[in-house]
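For reference, the structure is listed below as structure tokens.
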Protein chains: 2
Amino acid sequence: MKLSRKVPLNALRVFEAVARHRGFSRAAEELGMTQTAVSYQIKLLEDHVGEQLFLRQPRQIVNTETAERMLPDVTRAFELLNDAMVSARQASNETLEIHSSPTFASHWLARNLGSFQLDYPSIAVRLLRVSKITDFNRDPADISIRWGVGPWPDLDCHLLGRFSFAPMLSPALAETIGGVSSPEDLLKLPIIGAGQGSWQTWFATVGVPAPDLSGHTRHNYVEQDLCGNAALAGQGVAILNHIFFSEDLASGRLIAPFNQYCTDDIGIWLVHPKSRRNTPKIKAFREWVIQAVASDMQRTEPKPPQA
Amino acid sequence: MKLSRKVPLNALRVFEAVARHRGFSRAAEELGMTQTAVSYQIKLLEDHVGEQLFLRQPRQIVNTETAERMLPDVTRAFELLNDAMVSARQASNETLEIHSSPTFASHWLARNLGSFQLDYPSIAVRLLRVSKITDFNRDPADISIRWGVGPWPDLDCHLLGRFSFAPMLSPALAETIGGVSSPEDLLKLPIIGAGQGSWQTWFATVGVPAPDLSGHTRHNYVEQDLCGNAALAGQGVAILNHIFFSEDLASGRLIAPFNQYCTDDIGIWLVHPKSRRNTPKIKAFREWVIQAVASDMQRTEPKPPQA
DNA sequence: CTGGCGCCATAAAGAGAACTTATGCATGAA
DNA sequence: TTCATGCATAAGTTCTCTTTATGGCGCCAG
């Protein structure tokens with residue numbers, strides 16, 4: 001059954017305009033439709049009500065008693081609906097909820113988000129560190145930032161970058177074994193996040209046969225920022241992205257004993273539901289972050305080693 | 001405050017039901033549509049708002065903040081619209097505005113309307129005596145009762161009856177000429193409403209050659225009830241419908257010296273706009289009056305003379 | 001852990017409401 | 001009278017909305 005069979009909403013909207021303008025043609029102009037369509041809708045409503053609503057007099061129409069009685073409520077109702085829509089639409093541009101991988105949140109967004117907020121002062125950002133992959137059907141997120149190899153189906157996916165990584169550790173820890181000069185030296189130290197494929201990738205890149213890291217189970221964090229914290233605390237050597245720890249390297253809190261950086265097929269992606277591609281706040285953030293990460297990479301990313 | 005014609009009203013109604021039921025399928029059932037249609041409308045609304053309104057979780061949906069913010073206003077708005085429709089529809093059954101020929105109003109409705117109101121106590125009748133023919137485009141009438149020969153185009157027309165008429169006068173006036181025994185005697189008296197065709201019709205019926213009534217311009221009323229009043233006042237002889245003056249005849253205030261009644265092609269009609277044929281109050285009155293007039297005629301109408 | 005069930009999404013197709021174009025008619029003004 | 005204004009009607013078109021059909025996902029019971 002047609003929804004408008006019960007209460008003809010569109011007809012009521014037309015009615016409201018006609019009653020205000022005292023004329024079909026004028027109402028039609030406001031509503032952006034033809035006079036004919038207005039006539040049709042009014043007749044429809046009159047049939048529903050069972051009562052004439054307007055007396056058609058030359059030059060203008062006159063509201064009947066019934067129309068006058070209905071008008072205040074109808075006007076008020078459409079004001080409410082309008083308000084609800086407007087405020088919702090505004091709210092939708094006001095708060096941006098980002099569910100980000102903890103590492104990216106702590107080591108990149110935390111440092112760079114300020115510039116986005118300066119560019120878009122009207123958008124309030126709510127930033128959540130999430131480890132579980134965001135399901136837009138369950139979480140009220142606008143945007144998710146996640147690690148992964150490739151685009152996910154049914155989502156708009158934008159690759160922010162595949163970042164260089166290399167082993168890093170605290171200078172103090174390096175001293176305990178008299179400094180680190182060869183990749184094999186690392187094996188004398190606790191390996192943080194030993195289960196990560198990047199360790200194998202890195203050793204392969206520097207020409208060391210795949211070492212057995214199965215003994216290094218002590219600090220097997222999944223999240224890179226935890227690995228980073230452990231490394232900073234001198235608990236071992238971790239394989240970290242340069243871009244996320246560039247400040248720690250610059251300040252000397254961490255060192256990367258080998259200038260041998262490499263990448264793999266895991267990248268950081270920005271994803272959001274396809275349908276919301278053009279929502280202003282989403283579009284604004286997407287364009288900003290893609291540009292900002294690219295420019296950060298260009299500035300700080302080390303050259304990958306020659307194969 | 002102009003309401004953009006892009007506000008998706010039907011979607012908002014669906015939204016309201018979904019938010020209340022916390023489920024598309026349940027809302028669909030209430031609205032009498034399929035779950036698919038609900039899904040479609042919600043997506044439509046979400047696109048307009050630019051914001052997810054419901055989180056789809058297994059077994060139920062959850063309103064987002066945006067939805068919660070919109071809900072009170074939307075609910076209230078639809079209450080108002082509903083109220084406006086209901087009260088208008090009720091009002092339309094509450095008051096019946098009848099624009100009637102003065103004669104019928106005074107000499108028939110005034111006597112018989114009580115029985116209609118007993119039958120339909122919820123309908124308040126507003127009865128207006130109007131001489132000018134009712135134009136439903138200009139007057140807020142529900143029903144018009146008028147004299148005429150035949151159906152009018154574009155209107156629902158119901159013939160109530162073609163009534164017998166004959167000359168009538170007050171007994172006192174008759175005495176002034178020693179009683180009225182032949183049709184020609186009437187010409188000694190002032191003729192009321194001499195311009196009416198019924199006089200010619202009646203004289204023809206009783207076999208009197210069409211008399212020249214052009215001298216009788218004193219009481220040339222158009223409305224029969226005025227003619228009747230003049231006749232009651234003894235100002236002359238009028239040609240009147242039996243049905244409208246049966247009580248005056250019965251009480252002796254008027255006499256019809258000849259039992260020669262006749263009719264012509266002019267009748268009393270009940271008319272109303274075609275589109276409102278089935279409006280309850282109109283239907284009720286129409287059926288009542290047709291029946292009531294018919295039964296009154298059967299009871300009181302004199303037999304027309306043999307030609 | 002497997003199959004049934006509840007609930008929502010998507011695709012395709014169809015119905016029918018709503019809109020437009022074209023035209024006519026009535027009224028009041030120039 | 002003629003023109004301009006404003007609404008009604010008819011016919012044809014557009015496109016929103018709906019339904020039917022199908023599939024996925026998560027929960028629960030056996």
Side-chain angles (χ1 to χ4, degrees), chain A residues 1-15 17-19 21-48 52-64 132-133 135-139 152-155 273-276, chain B residues 5-15 17-19 21-48 52-63 133 135-139 153-155 273-275:
Chain A
M1 163 165 66
K2 210 80 182 188
L3 203 48
S4 44
R5 286 250 161 81
K6 297 174 154 184
V7 175
L9 296 175
N10 287 311
L12 281 169
R13 169 162 50 194
V14 173
F15 161 80
V18 170
H21 285 291
R22 316 246 139 178
F24 287 17
S25 304
R26 286 179 289 278
E29 191 176 7
E30 170 181 309
L31 296 168
M33 50 207 272
T34 59
Q35 165 266 317
T36 310
V38 171
S39 179
Y40 171 85
Q41 294 285 356
I42 293 300
K43 173 172 291 184
L44 203 75
L45 185 60
E46 286 179 335
D47 285 352
H48 271 278
Q52 192 121 348
L53 293 170
F54 301 108
L55 300 178
R56 279 72 161 176
Q57 297 189 339
R59 248 52 194 174
Q60 67 165 12
I61 53 94
V62 174
N63 303 358
T64 62
K132 223 173 37 160
I133 202 164
D135 176 352
F136 289 100
N137 287 334
R138 306 196 148 212
D139 308 308
W152 289 262
D154 304 324
L155 291 171
K274 277 188 172 159
S275 60
R276 307 189 60 201
Chain B
R5 94 192 214 82
K6 293 202 70 185
V7 175
L9 295 174
N10 287 315
L12 281 169
R13 170 160 52 196
V14 173
F15 161 80
V18 170
H21 285 290
R22 315 248 141 175
F24 288 16
S25 304
R26 286 180 290 278
E29 190 175 6
E30 168 182 308
L31 295 168
M33 51 206 278
T34 59
Q35 166 266 316
T36 310
V38 172
S39 179
Y40 171 87
Q41 294 285 355
I42 294 300
K43 173 171 290 186
L44 204 74
L45 185 60
E46 287 179 333
D47 285 351
H48 271 278
Q52 192 121 349
L53 293 170
F54 300 109
L55 299 178
R56 280 73 162 176
Q57 297 190 340
R59 247 52 192 175
Q60 67 165 13
I61 53 96
V62 174
N63 304 356
I133 203 164
D135 175 353
F136 288 100
N137 286 335
R138 307 197 145 209
D139 308 309
D154 303 324
L155 291 171
K274 276 185 172 161
S275 60

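Throughout, a chain's letter reflects where its sequence line sits, starting with A, and its residues are numbered from 1. Note: hydrogens, waters and symmetry copies are ignored here, and every other heavy atom, side chains too, is used.
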* Quick one, give me the B/S/- string for nucleotides 23-30 of chain C, reading 5' to 3', where B means a protein heavy atom under 4.0 Å from the base and S means that only happens at the primed atoms, P, OP1 or OP2. => ----BS--
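Residue B:Ile42 is tested with B:Asp47, B:Ile61, B:Val14 for a side-chain contact (heavy atoms from CB on, under 4.5 Å); the sole match is B:Val14.
Summarising the geometry, the separation between OH on B:Tyr40 and P on D:dT22 is reported as 22 Å, rounded to the nearest angstrom. In this entry the distance linking CG of A:Leu55 with P of D:dG6 reads 18 Å, nearest Å. In this structure, the CG atom of A:Leu44 is 13 Å from the P atom of D:dA8, given to the nearest Å. The distance between atom CD1 of B:Ile61 and atom C1' of D:dC27, rounded to the nearest whole Å, is 18 Å. When rounded to the nearest whole Å, the span between CZ of B:Phe54 and P of C:dC8 equals 11 Å. What separates CD1 of B:Ile42 from C1' of C:dT10 is a distance of 16 Å, to the nearest Å. Atom NE2 of A:His48 is separated from atom C1' of C:dA17 by 11 Å (rounded to the nearest Å). Between the P atom of D:dC17 and the CG atom of A:Leu9 lies a distance of 11 Å, rounded to the nearest Å.
A sub-4.0 Å separation between OP1 or OP2 of D:dC7 and a side-chain N or O of A:Ser25 is present. For B:Lys43 and C:dT10, the shortest distance from a side-chain N or O to OP1 or OP2 is below 4.0 Å. Between A:Ser39 and the phosphate of D:dA8, there is a side-chain N or O to OP1/OP2 separation shorter than 4.0 Å. Phosphate proximity of C:dA9 to B:Arg56: present, with a side-chain N or O under 4.0 Å from OP1 or OP2.
The listed nucleotides are D:dC7, C:dA17, D:dC17; the one nearest the side chain of A:Phe24 is D:dC7. With D:dC17, C:dC7, C:dC19 as the choices, the nucleotide that has an atom nearest any side-chain atom of A:Met33 turns out to be C:dC19. Taking the side chain of A:Gln41 as heavy atoms from C-beta on, and the options C:dA9, D:dT18, C:dA18, the nearest nucleotide is C:dA18.
Of the inter-residue distances, the one linking A:Glu46 atom CD with A:Gln41 atom CD reads 12.0 Å to the nearest 0.5 angstrom. Taken to the nearest 0.5 Å, the CG atom of B:Asn10 stands 8.0 Å off from the CE atom of B:Met33.
Ring geometry for B:Phe24 against B:Phe54 counts as perpendicular: the plane angle is over 60°, on a 0 to 90° scale with 30° as the lower cut.
Applying the 6.0 Å contact sphere to CD of B:Glu29 captures no more than 12 heavy atoms from other residues, nucleotides or ligands.
Using a 4.0 Å heavy-atom criterion, one finds that B:Gln57 contacts no nucleic acid atom at all. Across all strands shown, A:Arg22 has no heavy atoms under 4.0 Å from either base or sugar-phosphate atoms.
At a threshold of 4.5 Å between non-hydrogen side-chain atoms, the residues B:Val18 and B:Asn63 do not count as touching.
Using modelled atom types, no side-chain atom of B:Arg13 and backbone atom of A:Leu9 make a donor-acceptor pair closer than 3.5 Å.
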